[in-house]
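Since this is a predicted model, take the numbers as computed values, not measurements.
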Amino acid sequence: MRDDRRGVALAIKSCLDSLQHDAACSDLEDLARFIGLAALAAEEAAMAHDPHSAQLKALMAGGFGHC
């Protein structure tokens, strides 16, 4: 069930990313920002249902060259 929820969240994020791009190309900057926030929420939902998300967050938190 978790993989299904993660997949749905990622599919929604993909659609929102596409809509954000279309809005930005159509000079609808306010709409593009709003859709971008929704895409971020979808990404966070996907990470919440990913058993490896804590490891990914830790990896991404370090700077380049950080050991």
Side-chain angles (χ1 to χ4, degrees):
M1 182 67 106
R2 285 191 150 212
D3 289 336
D4 187 41
R5 288 178 156 219
R6 181 179 177 273
V8 169
L10 289 174
I12 291 171
K13 182 192 179 325
S14 178
C15 291
L16 289 169
D17 286 341
S18 178
L19 287 171
Q20 181 184 14
H21 180 271
D22 291 347
C25 288
S26 298
D27 293 326
L28 300 170
E29 294 302 321
D30 290 340
L31 181 60
R33 276 188 233 112
F34 178 74
I35 293 171
L37 290 173
L40 182 60
E43 182 177 349
E44 289 176 359
M47 289 181 69
H49 295 287
D50 185 353
H52 302 292
S53 66
Q55 295 169 348
L56 180 60
K57 281 183 185 178
L59 180 65
M60 299 303 283
F64 289 108
H66 182 269
C67 294

Q. Rounded to the nearest 0.5 Å, how far does NZ of K13 lie from OG of S18?
A. 11.5 Å

Q: Spell out, yes or no, whether L37 and L28 are grouped together once hydrophobic residues are joined by side-chain heavy atoms under 4.5 Å, including indirect joins.
A: no

Q) About how many Å separate CD1 of I35 and CG of D30, when rounded to the nearest 0.5 Å? A) 11.0 Å

Q. What distance separates L16 CG from E43 CD, expressed to the nearest 0.5 Å?
A. 11.5 Å

Q | Spatial distance of atom CD1 (I12) from atom CG (L19) [nearest 0.5 Å] | A | 11.5 Å

**Q.** Within-4.5 Å side-chain heavy-atom neighbours: L10 and S14
**A.** no

